Every structure is written in structure tokens, then in C-alpha cells.
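What follows is a set of notes on a single structure, which appears directly below.
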Amino acid sequence: MTRQEKIRRILDPAVTAVFGISTSNPFHPANVIYTKNVLHYDTHTYGINPKGGRFCGKPIYKDIRDLPEAVDLAVLGIRSEMIPDTLEQCIEAGAKGAIIISGGFAEIGRLDLKERTEAIAREHDFPIIGPNCLGIFAPPKLNTFFLPDERLVQTRGGSVGLISQSGGVLIDLILDLGAQGVGISRAVSTGNKDVIDEVDLLQCFKEDPKTKVLGIYMEGFNEGRGRDFVEQARDLGKPVVVLKAGRTPGGSKAVSSHTASLAGDYRVFHDVMEQHGILVTPTPASFISTVAGLSHYEPTKKKNVVILSVSGGHGAITADFCHDAGLNIVEVPEEDKAELRKRLGPSVRDIASLHNPIDLTGSTTDHDITEAADFFLQKDYCDCLITLLVPYAPGISSDVGARVSMTARETQTPVMVYIPHAEKYRMYMDGFEMNGIPVTHTLHGVVTMAESLMKG
């Protein structure tokens, strides 16, 4: 079995063993991992503790070599000084690879443990994710995040793959994408990445049919791996979006203390990535919007946008953002303005401004929004329709999303929607999101979505 095949096996295991189960502390990280996988995920999971016992009504084994079958993945939630000997046991028992959840390695100066772990991995060609990480989230197969499910928002499966050095940032990205109706194909927290790094994982995401776009949070490359990353990401055949920490001296210092990474020069990093078609986003918010846009639509490389709004102020601000992003606010021909005006309802026909950005005013109705969307989605000069909705306009109902979506589905022209963030507007969002149209809650975010298609 090749190294790449072993990595694929631990990303998609049939059998998993969790080390460090406590019979007295149900909230121990190993217990949380074990419980959620036994109860909610498809991977067959065993628990291991040298003292044995029972947990969740199942036997806890004393040694991985006592298990009735070989495991694909060993998840180690034990003290760092126990890791090397445990890895040797896992290799002897035929495990294909491991995740080291535990911290206490190079990030606190324990280079001896780091070096021993790396040596074992090299000698036996044994892939290891971590240490100091959350591991893998791959619904419905596996979840090694030691965070109780009841403390997280339920995340749907989807088409976005994620790689992150930081477990905490990864959780935030998953939750923020979920809030915009975007699901996850697979997410990997790499931590210190002493053995497996993002370069090793790229090939697996390339071959994963569920993953449409790959998002990566990184703090720095392992030594000598920058060129390999650029070459593989460039040829992935899928959009790659990167969020990198360490843009400032303070950020670089924090990176070094967090995962013992070399942050490097951010400007050089940014320029090299962009030259090779890898998108670099400066903030988590722009990362989320970019990934969300590319998860819904194929890159078009086109720039012409029509802004459809029910508020003149929202349209004007969005137009400024479009200009900054290099998008072209296309001019609507006079004959098209006259034709569209005839299709609008009597409440807005005489007061709507049909100069792009289109302002249908607060008197608009579902009919007006649907008619305008249908009109522009039929036009060759509209490469993307940015729709700005304020649901507190009295004539707009929660049906508007489904109605616009039916029109958009027929034309295949990308549509991005802004709706203010408030729980009472959830039904408006669902009408779009459940029909494959992305929704965001900031004007800058909706423009970033459109921009992602031009650059992706």
C-alpha cells in the first residue's frame, strides 16, 4: 500500500480505535470522540485504555493488539510522552495511520518528542495527522473533533473541503459556512503537521468527488514545502482559497508560538499564490464569502453584474464595492428599461429607478422582484445578478426566494443574495438556500461572492 493510499484510508476509515478512554471522566477528549462516533457516525469504533473496563455499554480494550480486527485509523488522546510507544504498538497491530489529538510537542519546546514521532513515521512509512489538532470531520463517516455535538450547530454535508492548522479557526469556518447554507465534504485539522501537511492532503481532495472547492487556513509552510504546495494547488482542477495568518509582525509572532510554524513574508506569499491562480483572502469573512460563491457556481471569469435592490442606499454602497472589486456595473439599454417598466406592478412602475443599480423601492412586491430577475437573467450582458433584499419591505413575502430560484435555474446565470442577518428572516433565506442560491448578510460579502467567480 502506497503512502497516498494510506492517507486516503485514514481520511475515510472503516475501522477506528480511540486511545485514552476514561472510565471516570465522560468529558475527557477521547471519550467525547469515542461517544459521538459510536452513536452518530458510520466508522466502526473501538475504545482503548490499559485498564480496560466498559464505556457507553461497550467493552474498552487494554491494547490495540487485542482488537478482533485491524484498524485503519488510530486516534490518540493520551499524554504526549506516551505517544511514541503507542505509535509502535499501532504499527505492530497493522494500523494504517494515526491522528495525534494531544498537544505538548514542538509548540511548547518538546523537540525530542517531535523528532521521535517523525522518526517512527519515516521508518514505517506511517502517516500521522497532528499532533495538537482536532483531526478529521467527514460526515457521515467520521468525526474526531473532541467537542460535544450538543455545543455545536449541526452541520450539513456539502461540497466544501477544508484544511486548517488551527482547530478553533476550523470550527469557526465550518459554523460560518453552515450559517450561509454551505455544507462540508471533509475537514482536516492538521495542527503542528509534523508528518502530514496540506501538501500531502491536496491529492486526496483532488480525487474526492464530493469536494468542489477547497478552502485552507494556514499559518506557514513546513520547510521546503512552499513550492510543492503551489504546484499541486495550481493543478488541483478545483478552486483553492487560502486564508493565511501572519500578515503583521504580531500575527507572525503568534503563529510561531501556536504551532511552531514559520510564517514567512505575507506579501511574497500573496503574490506567488495569486500568480498561480490560488485565491488569497485577507479576512475570515472574505474567505467565507469566496468559498460560498465557488461552492454554488463554476468560475466564469466574467465581470458584468446587475445589482437588483429594493433600497437605493444598499444599491449605491454595493456599487462602490463592485468598483473596488473590479466588477463592471453594466449599463442597461434604454429600450430594456422601457420594456422592464411595463412588466412591473403599478405600485412601483412609475417610481422605480432602472439605471443599474436597479432600485425597485420599498414599495416593491414579490412579482416585481421576480419579473426583474427574470428579465435580467435572460440578457447576455448580465453575467451575475446581485440581489439585495430587505424583508421588512411590506410587499415582500417568504415565497420570493423560491420564485426567483425557479427563474435562475432555467438560465444558469449566477445569482447572489443579500439579506440582513436576523432570525426572523430565516424563512426568506431558506427560500434561496434550499434552491441552490447563496445568501450572505453583508453587502461586502455578496460582492465578494460575485468577485470569486471572476477570479476563481
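If you're wondering where the values come from, they're calculated on a predicted model, not measured in any experiment.
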Measure from the side-chain N and O atoms of Thr365 to the backbone N and O of Gly395, and report whether any donor-acceptor pair falls under 3.5 Å. no
Which distance, rounded to the nearest 0.5 Å, do you find between the CD1 of Ile33 and the CZ of Phe19? 12.5 Å
Within a 6.0 Å radius of atom NE2 on His323, are there more than 12 heavy atoms belonging to other residues, nucleotides or ligands? no
Taking C-beta and beyond as the side chain, do Tyr428 and Ile396 meet within less than 4.5 Å on heavy atoms? yes
Can you tell whether the side chains of Arg343 and Asp374 come within less than 4.0 Å, N to carboxylate O? yes
Please confirm whether the backbone N or O of Gly167 pairs with a side-chain atom of Ser164, one donor and one acceptor, at under 3.5 Å? no
Side chains of Val415 and Leu377: closer than 4.5 Å at any heavy-atom pair? yes
Please determine whether side-chain contact (heavy atoms from CB on, under 4.5 Å) holds for the pair Asp72 and Ile10, giving the CA-CA distance in whole Å, both sets of side-chain angles, and the decisive distance to 0.1 Å. CA-CA 6 Å; Asp72 299 310; Ile10 65 175; 5.5 Å; no
Going by atom types alone, do Asp208 and Thr211 pair a side-chain donor with an acceptor below 3.5 Å? yes
Of all heavy-atom pairs between Ile48 and Ala17, which one has the smallest distance, and what is that distance? CD1-CB, 3.9 Å
Using a 3.5 Å distance criterion without hydrogens, assess whether the side chain of Ser452 forms a donor-acceptor pair with backbone atoms of Met449. yes
Would you check if Phe137 and Thr144 make a side-chain contact, meaning some heavy-atom pair closer than 4.5 Å? no
Which heavy atom of Pro131 sits nearest a heavy atom of Asp194, and at what distance? CD-OD2, 3.2 Å
Mark yes or no for whether Asn132, through its side chain, and Phe105, through its backbone, hold a donor-acceptor pair below 3.5 Å. no
Between the side chains of Glu5 and Arg9, is the shortest nitrogen-to-carboxylate-oxygen separation below 4.0 Å, so that they form an ion pair? no
Decide whether a cation-pi geometry holds between Lys36 and Tyr34; the criteria are a distance under 6.0 Å from NZ or CZ to the six-membered ring centre and an angle within 45° of the ring axis. no
Could you check whether the rings of Tyr46 and His44 sit parallel, tilted or perpendicular, using 30° and 60° as the cut-offs? tilted
Does some side-chain heavy atom of Ile329 sit less than 4.5 Å from a side-chain heavy atom of Leu327? no
Polar side-chain atom of Thr300 near backbone of Lys302 as donor-acceptor pair, under 3.5 Å: yes
Side chains of Asp366 and Ser397: do they bring a donor and an acceptor to under 3.5 Å? yes
For residues Thr318 and His314, report the shortest heavy-atom separation together with the two atoms involved. OG1-O, 2.8 Å
In sequence, state the C-alpha distance, the side-chain angles, and the governing distance for Tyr418 and Leu389, and then conclude on side-chain contact (heavy atoms from CB on, under 4.5 Å). CA-CA 6 Å; Tyr418 159 81; Leu389 290 184; over 6 Å; no
So ring pair (Phe, Tyr, Trp, His ring centres under 6.0 Å) across residues 435-455, not counting sequence neighbours, yields Phe321-His444, His421-His441
Without swapping roles, check the side chain of Ser166 against the backbone of Val169 for a donor-acceptor pair under 3.5 Å. yes
Just by distance, with hydrogens left out, do Tyr381 and Asn304 show a side-chain donor and acceptor under 3.5 Å apart? no
If only atom types and distance count, is the side chain of Tyr61 paired as donor or acceptor with the main-chain N or O of Pro68 below 3.5 Å? no
May I ask you to test the Leu134-Ile101 pair for a side-chain heavy-atom distance under 4.5 Å? no
Can you name the nearest heavy-atom pair linking Ala372 to Leu340, along with the distance? CA-CD1, 3.9 Å
Calculate, to the nearest 0.5 Å, the distance between atoms CZ and CG belonging to Arg186 and Leu201 respectively. 10.0 Å
Distance (rounded to the nearest 0.5 Å) between Lys303 NZ and Cys384 SG: 14.0 Å
With a 3.5 Å distance limit and no angle check, can you tell me whether Thr411 reaches the backbone of Gln378 through a side-chain donor-acceptor pair? no
Salt-bridge test for Glu107 and Lys114: reply yes if a basic N is under 4.0 Å from a carboxylate O, no otherwise. no
Check the pair Arg426 / Glu433 against salt bridge (Lys or Arg N to Asp or Glu O under 4.0 Å), numbers first and verdict last. CA-CA 10 Å; Arg426 183 71 257 173; Glu433 291 176 347; 2.5 Å; yes
Answer yes when Lys244 and Glu219 have at least one side-chain N-carboxylate O distance shorter than 4.0 Å, and no when they do not. no
Can you find a heavy atom in the side chain of Phe55 that is under 4.5 Å from one in the side chain of Thr35? yes
Side chain proximity check, Val291 to Leu214, heavy atoms < 4.5 angstrom: no
Name of the residue among Gln275, Met273, Glu274 meeting side chain to side chain contact (heavy atoms under 4.5 Å, CB included) with Asp271: Gln275
Tyr425 and Tyr392 aromatic ring geometry - parallel, tilted or perpendicular at 30°/60° bounds: tilted
Keeping Asn356 on the side-chain end and Ile307 on the backbone end, is there a donor-acceptor pair under 3.5 Å? yes
I need the Asn222 CG to Thr190 OG1 distance, nearest 0.5 Å. 8.5 Å
For a quick test of your reading: what N or O donor-acceptor pairs under 3.5 Å do the side chains of residues 226-236 make, sequence neighbours left out?
from   : atom 1 : to     : atom 2 : distance (Å)
Asp228 : OD2    : Arg225 : NH1    : 3.4

Checking Thr45 side chain against Val15 main chain: does a donor-acceptor pair fall under 3.5 Å? no
side-chain contact (heavy atoms from CB on, under 4.5 Å), that's the test. Do His28 and Val32 meet it? Break it down for me. CA-CA 6 Å; His28 186 281; Val32 174; over 6 Å; no
Nearest-0.5 Å distance that lies between atom CD in Glu451 and atom OG in Ser289: 10.0 Å
Asn328 side chain reached by Val305 side chain, heavy atoms, under 4.5 Å: no
Check this for me: does any side-chain nitrogen of one of Arg8 and Asp12 sit under 4.0 Å from a carboxylate oxygen of the other? no
Of all heavy-atom pairs linking Cys382 and Thr413, the shortest is O-CG2, 3.7 Å
Would you please test Ile99 and Ile136 for side-chain contact (heavy atoms from CB on, under 4.5 Å) and show each step? CA-CA 8 Å; Ile99 297 173; Ile136 300 169; 3.7 Å; yes
Can you confirm if the NZ or CZ of Lys238 lies within 45° of the ring axis of Phe205 and under 6.0 Å from the centre of its six-membered ring? no
Distance-only side-chain donor-acceptor flag, Gln180 / Thr440, under 3.5 Å: yes
Heavy-atom pair with the smallest gap, counting every atom of Ile386 and Ala450: CD1-CB, 4.1 Å
Report the distance from atom CD1 of Ile437 to atom OG1 of Thr387, rounding to the nearest 0.5 Å. 7.5 Å
Asp380, CG: over 12 other non-hydrogen atoms inside 6.0 angstrom: no
